[in-house]
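First the proteins, then the strands, lettered A, B, ... as listed; each starts at 1.
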2 protein chains.
Amino acid sequence: MKTNSKNKIIIVDDHLLFSQSLELLIKSFGDYEVIERFENGKVFIDYLENHDSELIDLILLDVNMPVLDGLSTMKWLKDNRPELKVIALSVNDDEDIIIKMITNGAKGYLLKDTSPEIFREAIECVIEKGFYFTELVSGMLINKVNSDNKKISLKEKEIVFIKHACTEMTYKEIASEMCLSPKTIDGYRESLFDKLEIKTRIGLVLYAIKHKIVCV
Amino acid sequence: MKTNSKNKIIIVDDHLLFSQSLELLIKSFGDYEVIERFENGKVFIDYLENHDSELIDLILLDVNMPVLDGLSTMKWLKDNRPELKVIALSVNDDEDIIIKMITNGAKGYLLKDTSPEIFREAIECVIEKGFYFTELVSGMLINKVNSDNKKISLKEKEIVFIKHACTEMTYKEIASEMCLSPKTIDGYRESLFDKLEIKTRIGLVLYAIKHKIVCV
DNA sequence: AACAACAAGGGGAAAAATACCCTTTTTTGG
DNA sequence: CCAAAAAAGGGTATTTTTCCCCTTGTTGTT
């Protein structure tokens, strides 16, 4: 059979309009066929657990999905089907999530409004060479490896404190809100200033927003 | 001719993949036909200036486009073809731009990852009733009309001050940076606190980010 | 000329934030 | 169980932020 020689692709995306049109686009390339489409990570994993995954050449995995999102799905794949090749798809270029998808094994990351030509190039590249990264993503990777030595981990209470620090509350008010002594809050603040290399509460707010601890 | 009775739709969007699939979707509804597609506002306006626009029933207009973006195109339509019905399309839900599109005459605002059913509902609704707003957009409109009496206008120096306030500089440092007395900076701050109904510099930073005076 | 509106700046004081150094209690790894 | 680390809190001093009330020019309007 002729179709059996085509590269087999699976699309996991809750957005039907997009996933349908992506299937049409891929078909139009000629060398590929979309063997399945799933609307979230959960149903995709259910499928994998009951089917042979050896004949899957590529997975196009949306990041933002209900039920089980792209990152969780990616982590499951890393643990259970590490041989599968995945290109992550998303509408935004959130650095954190891109890095997380890639460190969990994604072989490429494309924005959903990427042009058809780049889509084709990326799909071909991942299937043949094993990876495809746009300039955007490469830049982020370089950023990361340059600043990865000092990885910052925040504790749960620090996160709560930071969220409160991003309001017009005074530290005293934050302390009573968190049922802690103002002095303890002082301690949190000073330790964070030190860790994050900042000097003022303004710096803390900017850090929190940049790293999406709070949203505007 | 049968097709002439169908509602005529124009798509203006630079993302071919999306605009193609949107055309297919619209065709699948049966009652509509996509008579033209354009990749930016410029070529669309060129077309309008050389063609009769009376037979256009609806325009689906992307917000983010090269050459001439959705807002500029919307403003041109408001001035030159106010009778045309437009649904704005965008990947993000930026309140400012949504409000601007609507105040410039857009009859609806849809996120690009809206489901096909909602797309159909919105298109039908705008053609028949003249408008369609999702809950998201309605909420924003209510917000606006409730806070629109006191429209806030910031002067150039205030903008500069706000930008500086969103750094770890002290007011004294900001003053010398702006070649003004610290007391003048005090004045700027107090007038802004009053105008923006905030009480602390943190509130100022949050306001600035929310209103995109500074970007993170 | 008289008036309002406004930008720039000042004095002084209270509140909040920041810095530095310290003790006690709890948790935790070995 | 013990030692070490981490969490919670205290004391005190300095700097920064915030608030309120005030003066002096400038500009534009009637």
Side-chain angles (χ1 to χ4, degrees), chain A residues 147-216, chain B residues 147-216:
Chain A
S147 66
D148 214 22
N149 337 352
K150 52 202 175 189
K151 65 190 76 178
I152 292 153
S153 79
L154 298 177
K155 292 159 203 70
E156 197 47 47
K157 282 215 169 172
E158 286 179 323
I159 302 277
V160 174
F161 164 67
I162 290 178
K163 283 181 199 291
H164 285 128
C166 294
T167 71
E168 293 199 308
M169 278 191 279
T170 67
Y171 289 131
K172 207 182 298 183
E173 289 167 338
I174 294 173
S176 85
E177 183 76 23
M178 292 177 68
C179 300
L180 289 170
S181 153
K183 275 296 169 183
T184 305
I185 295 297
D186 274 2
Y188 285 5
R189 182 194 60 229
E190 292 188 29
S191 127
L192 281 169
F193 281 11
D194 191 45
K195 252 196 280 199
L196 307 179
E197 297 180 80
I198 53 181
K199 290 185 297 297
T200 69
R201 184 165 166 181
I202 305 297
L204 191 57
V205 172
L206 297 174
Y207 178 92
I209 292 169
K210 195 173 308 182
H211 293 79
K212 303 192 191 302
I213 294 167
V214 297
C215 45
V216 288
Chain B
S147 66
D148 215 23
N149 338 353
K150 51 204 173 186
K151 66 191 78 179
I152 293 154
S153 77
L154 298 177
K155 294 160 203 63
E156 197 47 47
K157 282 213 171 172
E158 286 179 322
I159 302 278
V160 174
F161 164 67
I162 290 178
K163 283 182 200 288
H164 285 128
C166 293
T167 70
E168 294 199 308
M169 277 190 279
T170 67
Y171 289 130
K172 206 182 298 182
E173 290 167 338
I174 294 173
S176 85
E177 183 76 23
M178 291 177 68
C179 300
L180 290 170
S181 151
K183 275 298 173 181
T184 304
I185 295 297
D186 273 3
Y188 285 5
R189 182 194 59 229
E190 290 187 30
S191 130
L192 282 169
F193 280 11
D194 192 45
K195 251 196 279 197
L196 307 179
E197 297 180 79
I198 53 181
K199 291 184 297 296
T200 68
R201 185 166 166 183
I202 304 297
L204 191 58
V205 172
L206 296 174
Y207 178 91
I209 292 170
K210 196 173 309 185
H211 293 78
K212 304 196 190 301
I213 295 166
V214 296
C215 46
V216 287

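- Residue B:His164 holds its NE2 atom at 9.0 Å from CD1 of B:Ile185, rounded to the nearest 0.5 Å.
- By the side-chain contact (heavy atoms from CB on, under 4.5 Å) test, B:Ala208 pairs with B:Ile162, B:Cys166, B:Ile213, B:Val214, sequence neighbours left out.
- Each salt bridge (Lys or Arg N to Asp or Glu O under 4.0 Å) pair with one or both residues in residues 198-216 of chain A, not counting sequence neighbours, appears once here: A:Lys199-B:Glu168.
- Here CG of A:Leu204 is found 4.5 Å from CD1 of A:Ile198. Values are rounded to the nearest 0.5 Å.
- Remark on the helix from C:dA4-D:dT27 to C:dG30-D:dC1: inter-end axis angle 50°, axes from five-pair C1' superpositions, rounded to 10°.
- Within the model, atoms OG1 of A:Thr184 and CZ of A:Phe161 stand 11.0 Å from one another, a figure rounded to the nearest 0.5 Å.
- Among pairs with a residue in residues 170-188 of chain A, those fulfilling salt bridge (Lys or Arg N to Asp or Glu O under 4.0 Å) read A:Lys183-A:Asp186, A:Asp186-A:Arg189, at least two apart in sequence or across chains.
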All N/O contacts under 3.5 Å from nucleotides 5-9 of chain C to the protein, with atom names and distances to one decimal?
from: C:dA8; atom 1: OP1; to: B:Lys157; atom 2: NZ; distance (Å): 2.9
from: C:dA8; atom 1: OP2; to: B:Tyr188; atom 2: OH; distance (Å): 2.3
from: C:dG9; atom 1: OP2; to: B:Ser181; atom 2: N; distance (Å): 3.1
from: C:dG9; atom 1: OP2; to: B:Thr184; atom 2: OG1; distance (Å): 2.4
from: C:dG9; atom 1: O5'; to: B:Thr184; atom 2: OG1; distance (Å): 3.0

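- Looking at heavy-atom distances under 4.0 Å, A:Arg189 makes contact with a base.
- Checked against side-chain contact (heavy atoms from CB on, under 4.5 Å), A:Ser191 has the following partners two or more places apart in sequence or in another chain: A:Glu158, A:Lys195.
- Contacts of residues 162-174 of chain A with DNA chain D (heavy atom under 4.0 Å): none.
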Could you list, one pair per line, each protein nitrogen or oxygen that sits under 3.5 Å from a nitrogen or oxygen of nucleotides 21-24 of chain D, together with the distance?
none

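- B:Leu206 is linked by a side-chain contact (heavy atoms from CB on, under 4.5 Å) to A:Val205, A:Ile209, B:Ile202, counting only residues two or more places apart in sequence or in another chain.
- Rounding to the nearest 0.5 Å places CG of B:Leu192 at 9.0 Å from OH of B:Tyr207.
- Rounded to whole Å, the distance from CZ on A:Arg201 to C1' on D:dT16 is 13 Å.
- The CG atom of B:Asp194 sits 10 Å away from the P atom of D:dC19 (whole-angstrom rounding).
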